[in-house]
*Asks:* 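So that we are looking at the same thing, I have put the structure below in structure tokens.
Both backbone and side-chain heavy atoms feed into the values below; hydrogens, waters and symmetry mates do not.
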Amino acid sequence: MNPRLPDVLPAHIAVIMDGNGRWAERRGLPRTAGHAAGSETFRTIATFCRDIGIQYLTVYAFSSENRKSRPPEEVDAVYDLLRRYIKESLETMERDRVKLKFLGDIKALPADIQNLINKAEALSSKYEGCQCNICVNYGGRDEIVRATRDLIRLSTFEEMKAIVEDDFQRHLDTAFLPDPDLCIRTGDETRLSNFLLWQLAYAELFFTKTLWPDFSVKELAAILRGFSKRIRRYGGL
């Protein structure tokens, strides 16, 4: 049975996929098993978003802080999952027809992953409809710093004095995207954790206790119904 959906859906959903490690630990499993389970949940949610007509889905897969602070074996396991996901996506790309983009400091990733990312983005660029953006080695503050450096490097002194928000936004990783309408965080935490700090300025925020591997299409549909009841004023009356 398909979950009941509201008449009006957000164009862009952002998700902080939190709770993989705790999900595994509660089952006496290694944390890497939680990441594997979480990757399957991501496939399910991404497919559902495509099927119901969501235009953009942006997920926080692996932060720049994770890369620096997690045990090396966990980081390697995440890299292996990313490799597997991209390779499987390349095999099913013509069937799924989802445009893939990867956001973050991609140049700091292993060279073979960079090559897979470039191939996936190039091959899927022709598809219309749902676009899935995967934030890997991403941090909101780092993104803002990188955008500022680019803006300074490419601007004259006189141009810098006239910079407005749109000028800055064009240098962000998400320059080609509208800002998210809705941000969901799983895992019973109520913070943004350095995710899309600029872009989430007027997003509606939903937090759930559900750990990411247990997050379901049914729960997403309930959140979408809640989203449809919120009044978005963007600072107005």
Side-chain angles (χ1 to χ4, degrees), residues 9-17 38-64 67 78-140 142-151 153-154 165-184 195-200 203 220:
L9 295 172
H12 187 178
I13 299 175
V15 182
I16 302 173
M17 305 183 296
S39 69
E40 293 307 313
T41 299
F42 166 66
R43 287 184 186 277
T44 299
I45 296 301
T47 299
F48 178 69
C49 286
R50 179 202 65 187
D51 291 345
I52 66 175
I54 301 298
Q55 297 175 46
Y56 304 96
L57 173 66
T58 301
V59 297
Y60 204 9
F62 191 58
S63 74
S64 50
R67 185 176 69 85
V78 170
Y79 284 162
D80 285 342
L81 280 171
L82 182 59
R83 290 182 180 96
R84 189 180 77 183
Y85 172 77
I86 300 175
K87 289 176 181 177
E88 291 175 355
S89 297
L90 290 169
E91 294 173 359
T92 61
M93 196 163 277
E94 194 60 31
R95 181 197 69 194
D96 296 339
R97 303 188 71 81
V98 171
K99 182 180 290 187
L100 284 178
K101 293 291 289 184
F102 292 82
L103 312 181
D105 187 5
I106 304 302
K107 293 179 180 178
L109 297 175
D112 67 311
I113 294 180
Q114 292 184 50
N115 292 335
L116 286 170
I117 285 173
N118 292 336
K119 186 174 183 180
E121 289 186 340
L123 289 175
S124 68
S125 62
K126 61 184 178 182
Y127 300 136
E128 302 293 336
C130 185
Q131 176 169 312
C132 187
N133 310 294
I134 303 174
C135 296
V136 183
N137 194 33
Y138 172 88
D142 176 69
E143 177 190 27
I144 290 170
V145 169
R146 287 188 284 108
T148 302
R149 287 172 179 162
D150 284 346
L151 195 54
R153 178 172 54 86
L154 297 171
E165 285 188 11
D166 286 346
D167 298 322
F168 182 77
Q169 192 157 342
R170 281 192 287 271
H171 292 271
L172 293 170
D173 295 346
T174 57
F176 55 92
L177 296 172
D179 288 342
D181 305 292
L182 164 65
C183 179
I184 302 166
F195 181 52
L196 299 180
L197 298 180
W198 176 280
Q199 299 87 341
L200 293 178
L220 175 55

*Asks:* Any side-chain heavy-atom pair from P178 and Q55 closer than 4.5 angstrom?
*Replies:* no
*Asks:* Which heavy atom of L172 sits nearest to which heavy atom of A147, and what is that distance?
*Replies:* CD2-CB, 3.8 Å
*Asks:* Taking the side chain as every heavy atom from C-beta outward, state whether L116 and L82 have any atom pair closer than 4.5 Å.
*Replies:* no
*Asks:* Run the side-chain contact (heavy atoms from CB on, under 4.5 Å) check on E143 and F195 step by step: do they pass?
*Replies:* CA-CA 10 Å; E143 177 190 27; F195 181 52; over 6 Å; no
*Asks:* Closest heavy-atom contact between M17 and A61?
*Replies:* CE-CA, 3.7 Å
*Asks:* What distance separates I45 CD1 from C132 SG, expressed to the nearest 0.5 Å?
*Replies:* 11.5 Å
*Asks:* When rounded to the nearest 0.5 angstrom, what distance separates CD1 in I117 from CD1 in I86?
*Replies:* 4.5 Å
*Asks:* With salt bridge (Lys or Arg N to Asp or Glu O under 4.0 Å) as the criterion, how do R146 and D142 come out once you've worked through the C-alpha distance, each side chain's angles and the decisive distance to 0.1 Å?
*Replies:* CA-CA 6 Å; R146 287 188 284 108; D142 176 69; 2.8 Å; yes
*Asks:* Supply the atom-to-atom distance K99 NZ to R50 CZ, rounded to the nearest 0.5 angstrom.
*Replies:* 15.5 Å
*Asks:* Working note: C49 + L220, criterion side-chain contact (heavy atoms from CB on, under 4.5 Å); need CA distance, chi angles, decisive distance, verdict.
*Replies:* CA-CA 9 Å; C49 286; L220 175 55; 4.0 Å; yes
*Asks:* Where do D173 and G104 come nearest, in terms of heavy atoms and distance?
*Replies:* OD2-N, 3.2 Å
*Asks:* Using side-chain heavy atoms (C-beta onward) and a distance below 4.5 Å, is Y79 in contact with D112?
*Replies:* no
*Asks:* Return the OG1 to CZ distance between T41 and R43, rounded to the nearest 0.5 Å.
*Replies:* 11.5 Å
*Asks:* What closest approach, in Å, do I144 and T148 show between heavy atoms, and which atom pair accounts for it?
*Replies:* O-OG1, 2.8 Å
*Asks:* If you take all heavy atoms of L177 and L103, which pair is closest and at what distance?
*Replies:* CD1-CD1, 4.4 Å
*Asks:* Once you round to the nearest 0.5 Å, how far does CD1 of I16 lie from CG of L200?
*Replies:* 7.0 Å
*Asks:* Is the number of heavy atoms from other residues, nucleotides or ligands within 6.0 Å of CD (E94) greater than 12?
*Replies:* yes
*Asks:* Given R153 and R149, is the side-chain contact (heavy atoms from CB on, under 4.5 Å) satisfied, shown in steps?
*Replies:* CA-CA 6 Å; R153 178 172 54 86; R149 287 172 179 162; over 6 Å; no
*Asks:* Does the side chain of L100 come within less than 4.5 Å of Y85's, by heavy atoms?
*Replies:* yes
*Asks:* Report yes or no: does Q114 contribute a side-chain atom to a donor-acceptor pair with the main-chain N or O of K107 at less than 3.5 Å?
*Replies:* yes
*Asks:* Against H12, only a single residue in D181, D179, T58 fulfils side chain to side chain donor-acceptor pair (under 3.5 Å); can you say which?
*Replies:* T58
*Asks:* In terms of relative ring orientation, are W198 and F168 parallel, tilted or perpendicular, with 30° and 60° separating the classes?
*Replies:* tilted
*Asks:* Quick one: do I134 and F62 satisfy side-chain contact (heavy atoms from CB on, under 4.5 Å)? Show the steps, please.
*Replies:* CA-CA 9 Å; I134 303 174; F62 191 58; over 6 Å; no
*Asks:* With rounding to the nearest 0.5 Å, note down the distance linking CG in L196 to SG in C183.
*Replies:* 7.0 Å
*Asks:* Please examine the side chains of F48 and I54, heavy atoms only from C-beta on, and report whether any two atoms are closer than 4.5 Å.
*Replies:* no
*Asks:* Within the side chain of E121, is there an N or O that forms a donor-acceptor pair under 3.5 Å with the backbone of F102?
*Replies:* yes
*Asks:* Given side chains that start at C-beta, do those of D96 and S124 come closer than 4.5 Å, heavy atoms only?
*Replies:* no
*Asks:* Give the minimum heavy-atom separation between P180 and Q199, together with the two atoms involved.
*Replies:* CD-O, 3.6 Å
